[in-house]
Amino acid sequence: MEIKRFGVKQRMSAVNEHNGVLYFAGKVAPDTSVSAAEQTKLILDALERLLNEHGSDKNHVLSALIHLHDFSDFDAMNSVWDEWIDNGNAPARTCVGGVMMDGNPLVEITITAAKK
């Protein structure tokens, strides 16, 4: 089976497609000066655009890995996440905390999705 790579850079691709499954690189908000809830909204909006661009949508997300800089932002992130996910279509999900990359993002989300 062919692997298609999109947004290829030296260290990573933005999206890889294999066998009808889309693997997305972690996304952070373009503006990290805003709250965790606002960052989550920006990330989910960007992911929704990418999903649509690659022949999928939020109801086809299979799994999500969410990194939080500080677990005190868990409820704020979840308030936005819960509005985004349609009832009955929640993906498998893991949420972890830890040191984040440069730019001080509060939230990073990585998803895997099936194509429609």
Side-chain angles (χ1 to χ4, degrees):
M1 286 278 161
E2 177 185 9
I3 299 173
K4 297 178 186 175
R5 301 176 194 281
F6 304 91
V8 178
K9 296 182 180 175
Q10 180 181 356
R11 292 189 180 123
M12 60 181 261
S13 297
V15 182
N16 289 334
E17 178 184 339
H18 180 259
N19 208 20
V21 179
L22 299 164
Y23 302 86
F24 292 82
K27 284 286 183 207
V28 296
D31 182 359
T32 58
S33 69
V34 297
S35 71
E38 292 168 303
Q39 286 186 34
T40 302
K41 172 90 170 84
L42 291 170
I43 294 165
L44 293 175
D45 288 347
L47 285 171
E48 193 153 4
R49 284 189 301 275
L50 279 169
L51 284 161
N52 290 324
E53 181 182 315
H54 290 277
S56 189
D57 62 29
K58 66 183 180 177
N59 292 325
H60 285 77
V61 174
L62 301 170
S63 66
L65 171 60
I66 302 171
H67 287 90
L68 294 177
H69 176 75
D70 186 330
F71 257 93
S72 67
D73 291 325
F74 185 72
D75 289 339
M77 177 276 298
N78 271 329
S79 69
V80 177
W81 176 269
D82 291 346
E83 288 182 23
W84 187 71
I85 292 296
D86 291 335
N87 191 28
N89 288 307
R93 191 182 100 163
T94 302
C95 188
V96 298
V99 177
M100 303 292 277
M101 61 183 247
D102 292 342
N104 298 316
L106 301 175
V107 180
E108 180 176 0
I109 301 175
T110 306
I111 62 170
T112 301
K115 291 189 75 160
K116 291 196 261 185

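Here, residue 1 is the first one in the sequence, and each next residue gets the next number. Computed from a prediction, not measured in an experiment: that's the story for all the values here.
The shortest side-chain heavy-atom distance between Gln39 and Val28 does not fall under the 4.5 Å cut-off. Contact check for Leu51 versus Ile111: side-chain heavy atoms found under the 4.5 Å cut-off. For the pair Val107 and Leu68, the minimum side-chain heavy-atom distance is below 4.5 Å. For the pair Leu42 and Val34, the minimum side-chain heavy-atom distance is below 4.5 Å. Between Asp57 and Lys116 there is a side-chain heavy-atom pair separated by less than 4.5 Å.
By the ring pair (Phe, Tyr, Trp, His ring centres under 6.0 Å) test, His54 is found to be paired with Phe6, residues two or more places apart in sequence or in another chain being considered. Taking the salt bridge (Lys or Arg N to Asp or Glu O under 4.0 Å) definition, one finds that Glu17 meets it with Lys115, sequence neighbours left out. Not a single side chain to side chain donor-acceptor pair (under 3.5 Å) links Lys27 to another residue, sequence neighbours left out.
The two atoms that bring Ala29 and Ile43 nearest to each other are N-CG1, 3.5 Å, heavy atoms only. Closest approach of Ala36 to Leu106, counting heavy atoms only: N-CD1, 3.6 Å. For the residue pair Thr110 and Gly26, the shortest heavy atom distance occurs at OG1-CA, 3.1 Å. The nearest pair of heavy atoms linking Asn16 to Ser13 is OD1-CB, 3.2 Å. Considering every non-hydrogen atom in both Met77 and Cys95, the closest pair reads CE-SG, 4.0 Å. Between Ser33 and Asp31 the shortest heavy-atom distance is OG-OD1, 2.5 Å.
Cluster note: Val96 groups with Leu65 through ILVMFWY side-chain heavy atoms spaced under 4.5 Å, whether in direct contact or through intervening members. Tyr23 forms part of a hydrophobic cluster together with Val21, Leu62, judged by ILVMFWY side-chain heavy-atom separations under 4.5 Å.
Between Arg49 and Asp45 no salt bridge is recorded (no basic side-chain N to carboxylate O distance below 4.0 Å).
Expressed to the nearest 0.5 Å, how far NZ of Lys4 lies from NE2 of His18 amounts to 11.5 Å.
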Under 3.5 Å, sequence neighbours excluded: what are the donor-acceptor pairs made by side chains of residues 79-87?
unit_1, atom_1, unit_2, atom_2, d
Ser79, OG, Ala76, O, 2.7
Trp84, NE1, Glu48, OE1, 2.8
Asp86, OD2, Asn59, ND2, 3.1

* To do: List the steps, then state whether side chain to side chain contact (heavy atoms under 4.5 Å, CB included) holds for Arg93 with Ile66.
  => CA-CA 8 Å; Arg93 191 182 100 163; Ile66 302 171; 3.7 Å; yes

